[in-house]
Amino acid sequence: MNLKETALAYEPPQQTLNIAELERVQVDVEVNQEEHIDKDGNPFKINVIELEGKKYRVPSSVLKGIKAILGRMPETKFISVLKSGSGMDTTYQVIPVL
């Protein structure tokens, strides 16, 4: 293939989004772990859900929030995640959705 053909055929790698970008999420959606490499070459794992062909990262603080909600409201079917801040100052709030 020449450069033009290669450029036209190029598909950028899939970017992992964040669960907070979804309006709501079912609590029984499948979670998988993926291994990634940080900028220093060190491996790390993240929790990921996949919906409609897109991957969304699930931070551990979100999992803790879901666990707390399910402890009080075990019938919860959907949650919503609010994100504030950025980088190391990011915080998440998990809200049950009826």
The reported gap from CD in Gln93 to OG in Ser61 (rounded to nearest 0.5 angstrom) is 11.0 Å
Distance col, row Lys54:NZ vs Glu21:CD, nearest 0.5 angstrom, shows 9.0 Å
Give a yes or no on whether Glu35 atom CD has more than 12 heavy-atom contacts from other residues, nucleotides or ligands under 6.0 Å away.
-> yes
- Query: Is the number of heavy atoms from other residues, nucleotides or ligands under 6.0 Å of Glu23 CD greater than 12?
  - Reply: no
Discussion item. Is the shortest side-chain heavy-atom distance between Ile19 and Ile49 below 4.5 Å?
Written reply: yes
Review point. Would you say Ile95 and Tyr92 are hydrophobically clustered, going by side-chain heavy atoms of ILVMFWY under 4.5 Å?
Key: no
Here the gap from Glu50 atom CD to Leu17 atom CG, rounded to the nearest 0.5 Å, amounts to 11.0 Å
Item checked: Hydrophobic cluster identity match, Val31 and Val27, side-chain contacts under 4.5 Å -> yes
Value for OG1 (Thr76) from CD (Gln26), rounded to nearest 0.5 Å, stands at 12.5 Å
- Task: Keeping the roles fixed (side chain from Asp38, backbone from Gly41), state whether a donor-acceptor pair exists under 3.5 Å.
- Result: yes
Side-chain heavy atoms of Val94 within contact of Ile69, under 4.5 Å:
yes
### Query
Is there a side-chain contact between Lys83 and Thr90 (heavy atoms, below 4.5 Å)?
yes
Any side-chain heavy-atom pair of Tyr56 and Leu22 under 4.5 Å
yes
### Non-hydrogen side-chain atoms of Asn47 and Leu63 separated by less than 4.5 Å
yes
Practice prompt. Considering only NZ, NE, NH1 and NH2 on the basic side and carboxylate oxygens on the acidic side, decide whether Arg57 and Glu34 come within less than 4.0 Å.
Written response: no
Value for CZ (Phe78) from CG (Asp28), rounded to nearest 0.5 Å, stands at 8.0 Å
request  = Quick one: do Gln33 and Ile46 satisfy side chain to side chain contact (heavy atoms under 4.5 Å, CB included)? Show the steps, please.
outcome  = CA-CA 6 Å; Gln33 277 200 340; Ile46 62 171; over 6 Å; no
Are Ile79 and Leu70 linked, directly or through intermediate hydrophobic residues, by side-chain heavy-atom contacts shorter than 4.5 Å (ILVMFWY only)? yes
Check the surroundings of atom CD1 in Ile37: do more than 12 heavy atoms from other residues, nucleotides or ligands lie under 6.0 Å from it? yes
Is there a path from Leu51 to Ile66 through hydrophobic residues (I, L, V, M, F, W, Y) whose side chains come within less than 4.5 Å of each other?
yes
When every non-hydrogen atom of Glu5 is compared with those of Asn2, the smallest separation belongs to N-OD1, 2.7 Å
